[in-house]
Each structure stands twice: as C-alpha cells, then as structure tokens.
2 protein chains.
Amino acid sequence: MRAILLFGAGKSSYFLIDYLIKNATIQNWQLTICDISQNLISKDFENNSYEFVSIDINNDEERSRLIKGKSIVISMLPAFMHPIIAKDCLKYNVNFASASYQSDEMIAMKDEIESKGLIFLNECGLDPGIDHMSAMEEIDKIQVNGGKIISFRSYCGGLIAPDCIDNPWAYKFTWNPRNVVLAGQGTAKYLENSKLKLLPYQRLFQKTERIEFGNNLIFEGYPNRDSISYKSTYKLDGIKNMIRGTLRMPDFCSAWNLLVNLGITDDSYKIQDSQKMTLKQFTESYLDDSEKQVKEKFCDFFQLNPNDKIVEMIEWLGLFNDEKITDINASPAGILQTILESKWKLNPSDRDLVVMQHIFEFEQEGTLKTKKSNLYLEGETSTKTAMAKTVGLPLAIAVKLILNNKISAKGLLIPVSEEFYNPILSELTKYGIKFRN
Amino acid sequence: MRAILLFGAGKSSYFLIDYLIKNATIQNWQLTICDISQNLISKDFENNSYEFVSIDINNDEERSRLIKGKSIVISMLPAFMHPIIAKDCLKYNVNFASASYQSDEMIAMKDEIESKGLIFLNECGLDPGIDHMSAMEEIDKIQVNGGKIISFRSYCGGLIAPDCIDNPWAYKFTWNPRNVVLAGQGTAKYLENSKLKLLPYQRLFQKTERIEFGNNLIFEGYPNRDSISYKSTYKLDGIKNMIRGTLRMPDFCSAWNLLVNLGITDDSYKIQDSQKMTLKQFTESYLDDSEKQVKEKFCDFFQLNPNDKIVEMIEWLGLFNDEKITDINASPAGILQTILESKWKLNPSDRDLVVMQHIFEFEQEGTLKTKKSNLYLEGETSTKTAMAKTVGLPLAIAVKLILNNKISAKGLLIPVSEEFYNPILSELTKYGIKFRN
C-alpha cells in the first residue's frame, strides 16, 4: 500500500484526481486530498474512496502530521507554498511532485534531496511539463540521427476553443488571472543569431511571431521572460536561435500592448481612493488633460483610428465608460484584473483550448531541415478543461512511475529524460494528448 | 554637556561635521563620529576635538553601547540603515535626526516616539528638507495674507556649476549614483486641474517642464514619483495643480529617455557573462539583429538623425564602442552605473550646483497671482560642495534647536512648522543659502 497526499483540489486538479482515483485499486494506492473545503472537489468523485482532510496549511504541527508516513506528496497549491511542503517532505523522507517551476528555495534543497535518495519532481504539468517532454523527445531523436539543431522555437497557449469565442479578445481565463495580467513584466531574454536579445516589457507585445496550425488557425506568440535558461538542460549548447513564448489569438497582443504602454498593468503602487473613480477617469489619468472625449484622447495618444479593431477591444473592456471602480485603494493591475475577471469569465457552455508548437531547424547530412511538432487539444466542458487535463495527467502519470520505481534518477528533477518522457507521452496519447508533425 | 553621535562621515557630511565642531565649545557638545575608517573624515578637522569610533553597525551590542546615553543620534548612513539605529534610540530614549525620507518602518514607531516625548526628525536636508521649509514659509505667508493657493510646482536639482560643464550631458555625480540611475522607476503621480495624473516610467523623461532662473539659465524638470503625498502636510488640500520634480540641464532628459526606452536602466535581472560582452554588444542586445552598424541601428530604432545632440550624448558614453564590460554577471542598470561613474566623475577642479525653484499660483482679492522662489548655490570646491552644504547645515541647525529645547513639538517630525523653518532658513542665509523671488 502506497499513500499519496494531494494538496489542492480546485479546478485544475480535476483530471489529476480522476486519474489517481481510477488507478487507486489496481495500484494499491491510498489517496488523501487536502484543501480548504471538500466542496472544491467535483461531485463526479463523490462516491469514490479517498480521505478528505482540511488543515491550516501554515500550522507546522498539522501539516507535518499529514505528510509524515506518506509515499509521495503532490502540490497543486500556489507555487509560493511548495517550499513549505517540500521542507516537510525532506524531513520525513517523502517524495514530492508539482507542476510548477523549480524555485530557488527548491534548488537550495537539492543536495539534501539527493543524499536522502528521494525524488522531488517539479515542472511536470503542461508548460512547464509537456513542453519539456515533447521538445526533448524530438531533440533526442534529431541528435541521435546526427542532426545539429541550430534553432528551437517553442510556444504554448491556454485559450478558448474557436467555436466558443464570443468576445473581441478571443480570450477567457482558464488559468490564474493575476499571472495573465502581470505576464511578461521585466525584460524578456532570447537568442537570435547566437546573440543575446533583450526585450523590455513595453516592447514585448509588439514583438510577436505568427504561428500557424495548418492553414486556418493562426496565433501570435510573444517571448517568455527567459527563453535561454533551458539551453543546457535541453542539450542545445551550440544553438543559434532559441525562443520560448506564449500564444494568443491574433490582435490580442496588439491590444494588450496598449494597456501595457498606457501603464495600467502596473502592480507596484496603489491609487488612493480608486473606488471613487470611474473607469473613464482611471483611463484618463494616464492621458493628457484636455476637453476631448476619453476615446478620442486615447486614439490621439496611440495615433490610432477610432474604428481600429484594437480600439474596439479596449472599449469593450469598459475603459471608456462611467462605471465605478469597485476595488478600494487598489493598484492599476488589481483594478484591471477585476475588470477582466468579469469580462473574460469562462461560461458553463465554454470549452477551452490548449495549443503548443515546437519548431526545430537542424542541419543533417549537409542540408537544412525544419520540423514542426503541434499539440492542439480542446476541452470537453467548462470543468473538464484541456488545461486541467494537460496539467494534471502528466503529473499523475509521473507519480505512478515514481511509486512503481520506474524512475532510476533521484534528487531534484524535471521531466527531460527518456525515462519520464517515453512512458508519459505514450500514456497521454490515450487521453487525446498527442503531438502531430 | 550634551552628547551627539553622528553615523556617517563621508563626503556629504563635510559641512555637518564642520558646524558641529565649530559649535561644540560654545554649545557644550561632546561629539562622537562613527564610520568604517577615520580616513573618511576630511583632514580639515584633524586637530579638532571629537571622538572617532569604528564599530560593526550590525552588531547589536556594539551599536547599543554607542547609542546609550547620547542626547541625539544623527544618521547620514544609507537610508535603509536608519530604522536599525532609530530602534536603539527608542530603546535608550535618545533623539534621532536624518536627512532621509520618513520610511514606513519609521512611521511604525510613531506612537512610541511620542509617548516617550522624544524627537525623531527626518527629511531635514536639501530635498527633502530645505524644499519643505522654503515652501512652507511661502505657503504660510500667502495663506496668512488671505491668498488661496491653486497651484504649487516645485523642482530641485543637484548639478554642476555652469563654468565647470565639460561633457555633453552637463551632469556629474554629486549624490548617490545608484539613485540617479534608478530615478523615477515606477509611475509618477501628480495633480493637474484637480485630476490625478499618472505617468509611467517609459514616458517620465518625455514630460518635462521648462524652468527658468532669470533669462540665461534654463533647466528641465521631470516629475518625482509621488508629487501628491505632501498635499495635506503642506496644508494644500483644495489645490488644483501640484507637482514636485527634479531638475536637469536641457537635453539631459531627452537623452536619458533613450536609455530608459532602450531598456538599459533595468535593475531587475542579471545578464549572464556580461563581462564577456563589449558595450556595443550590450547596446545591440536591445536592438534588431541586422548587418547595420550599432549607431545606425540605434538611430533607426528611435527615428533619430545621427547628428542629433542626444545621439552624440549616447555615443559619448561609449555605448557604441568595443570596450569590454567590467561588471561580472551584472544587471543592465549596474553596467550603466559603472560606465556613468567613470564618465560623470567629479574632478578636483569641479564645483557643483544646487538649484531649487517653487512656483506658487494663488488667488488674492479676486486676482490670480504668481510667485516664484529660487535657490541658486554653487559649491566652493569639489569637497566643499553645495550639496554637502545644503544637506548638512539644515540638519546641523535642527540638531542645535532640538538640543536647546527650541522645538516644542515631540514625536516623529519633518520640518514643516514655523519653529523649524524660521530659525533654520534664517541661519542658512549666513552660509549663502538664500531664496530670492
């Protein structure tokens, strides 16, 4: 009997819980799920056997008691909570798994994890996760066949199924809204012609690449904050071009660029008495003072035609109207997030979309070749989302591999080796998560 | 006998130490100066009586022993160290004085300072300091005479005496270089026509106001990060326009704006192996990849003529040449700071300049009136700077007032009341620090 403890039972955990429950009997697993309230767990799992626990996660004693004696702990909590849990795992010799980026705090535990022979697996969801595995499968294949990779571009997006698009942004939230509002702040780093390229936030959404899925589906990709950090992990040390980025529907980036350059994605200061302002006044505070209407001032400022699609997108958000701001003494980004959470809400009839594309350029036998690898997956319903599926299933399968001693490596890991990507990508195809060239 | 302890004996403390030493006998003061090395103290004070102490400022015991029993502690250390010292002062019932902005940590001690009947005076240097006092003197005068202030604009700059200008930026460092490089990051807030105006960093140096001193001296002012925070402190609650800002010589802001918008004032990330790059490569990392020369690419990017004065200013910094970067794995802002520290170094023959201007608009007896108040002060030598004089003397005089029980207010204070500004501004005129209309 192996004991699995899952922290976090919210929307993104649907398929993770589904997989763990369905495999529990045959794998001889005992499952414990911990969250604030059992109501967070889908009613679909009502009659299944798992133990539900609610604890104060910041209470060291309660948390330790829960973790002690488990075989593995999975954390789907916000990333900043992982180190607290991981430290307990280290103390009580329990394996750990998450779909989040490896944090510096996690890296600080590296030696101790290794010396105890434990596995702490991070970055095993969608992005990061499936991106690592699907890229490494191709990279290894190309290199084994004598190819020399000179360019790697990789984009991923969590979007809305084309037939569910009913707003001019062609976007709704299927992931953490705050992360979407603050995305890209800082400076993006990528590699072009063997040179480091730095792209500050105010130009990030202007520098997009057109990404096509077949003939009909067109997306735009903007660079992630750091595209280069995986260069050696991916065994691409001599590479000339390397960019990793995020996909949005066309026009999204151009319109978002207006919000960035207006200044309203800033989270570094509060506007006193923001609740006394209208949305129009909020927008006007960034524009010159004049007798003109706000929309005209906005168009003048950006030298845009009032009939331009991207102006319409800003107007649709309500930023030119007299509605009152509800957030009290809030940051601009906080105000914007509240607006977007109501405008970009996923309806019960909506289905989401996950898209990923890798583009490899490599030299083989003296010729330059290009290879594309595409993932296109629509959600089943507004709860059975493609996002929950692609985040939860790789993690669930990885947990199975770890518990069945199929992973020979020990220590602090991310899923970039064959022993992860072969079985995981293979099993994912059964769930429709399949890359095509 | 009153015991004064001064932390920080560097360049900015010259006139502060001078004043304390010269007044020590008549005032019956015992002076202790604490810093890393006695060599930091000017040789001019060699034969004077003060005690020099060097301690590990982070050693609680050594620091406490030094502070205990003193009448007042003056801190000229970097601002982040004030709270550590202030906490000891609170513990041992010692008054405290600094020329830095009141921090949140200082404000958290407010009630305790008051209940102990101590004085913790901050913001009593130049800016903040002389700006508060000179503005309040005029504001009180206008309001006592029945004037209603509708507009307050106030600018201050630490610059170079016109006859010492020998570089195209007309600027050298007379204050903390890091603060100059990072100045204005975030979003500036000011008041225009009774409306909140927000100006993000990337537009800050484009939004300058022309400020004249007589007919010949022209400066440009850009808004401070928060111009509104002193609205009620200055008793200007019904005011329509309020802006506080920083003065630079003409063209400085336009050229600095290029650096900001290129992206190289960012301190939020490191460039790996920056020491392997040349300055040209550093600049090029922010520009499109092409066969063109870096200067041409730079001009294309900003749509500037290569003969433009501001392009020449960038070129003068060396950003287009093949010199190697010396900073190892540094942030862009760190690399830029190193460049500027060598380019904008104050030579032994240089004298600095402090300028301040307040512009008040007010209604009196039905008519709209304007009043200007100007401070123009050149330094005597490269050590006897106008900066050290205008930062150190107000603080020194305030300390004298506090020790002589001339300040009736107790608690956490800034010098905005008559009992501060009358005696301090009056005594400052003896040192040539005098406002003119």
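Labels below follow one simple rule: chain letters A, B, ... track the order of the sequence lines, proteins then strands, and each chain is numbered from 1.
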ask   = Any idea which heavy atoms bring B:Y286 and A:R203 closest together, and the distance?
value = O-NH2, 3.3 Å

query = Do other residues, nucleotides or ligands put more than 12 heavy atoms under 6.0 Å from A:Q293 CD?
reply = no

inquiry  = Tell me whether the count of non-hydrogen atoms from other residues, nucleotides or ligands lying under 6.0 Å of CD in A:Q206 goes above 12.
reply    = yes

inquiry  = Are there over 12 heavy-atom neighbours, none belonging to A:N305, within less than 6.0 Å of that residue's CG?
reply    = yes

ask   = With a cut-off of 6.0 Å (strictly less than), are more than 12 heavy atoms of other residues, nucleotides or ligands near CD of A:Q272?
value = no

query = Residues of residues 276-285 of chain A under 4.5 Å from chain B (heavy atom pairs)?
reply = A:M277, A:E284, A:S285

ask   = So what's closer than 4.5 Å to chain B heavy atoms on A:D266: side chain, backbone, both or neither?
value = side chain

B:K343: salt bridge (charged side-chain N to carboxylate O under 4.0 Å, His left out) partners, not counting sequence neighbours = none

request  = Under 4.5 Å, heavy atom to heavy atom: which of residues 190-201 of chain A reach chain B? Give them by number, or say none.
outcome  = A:E192, A:N193, A:K195, A:L196, A:K197, A:L198, A:P200

inquiry  = For A:K270 versus B:K189, what's the shortest heavy-atom pair and its separation?
reply    = O-NZ, 2.8 Å

note = Closest non-hydrogen atoms of A:G186 and B:S268, given as atom of the first, atom of the second and distance, are CA-OG, 4.3 Å

message = Below 4.5 Å, heavy-atom pairs only: which of A:I271, A:L287, A:D288, A:L262 has the largest tally toward chain B?
response = A:L262

message = Using heavy-atom distances under 4.5 Å, tell me whether A:Y269 contacts chain B through its side chain, its backbone, both, or neither.
response = side chain

message = Can you list the residues of residues 222-243 of chain A that sit under 4.5 Å from chain B, counting heavy atoms only?
response = A:R225

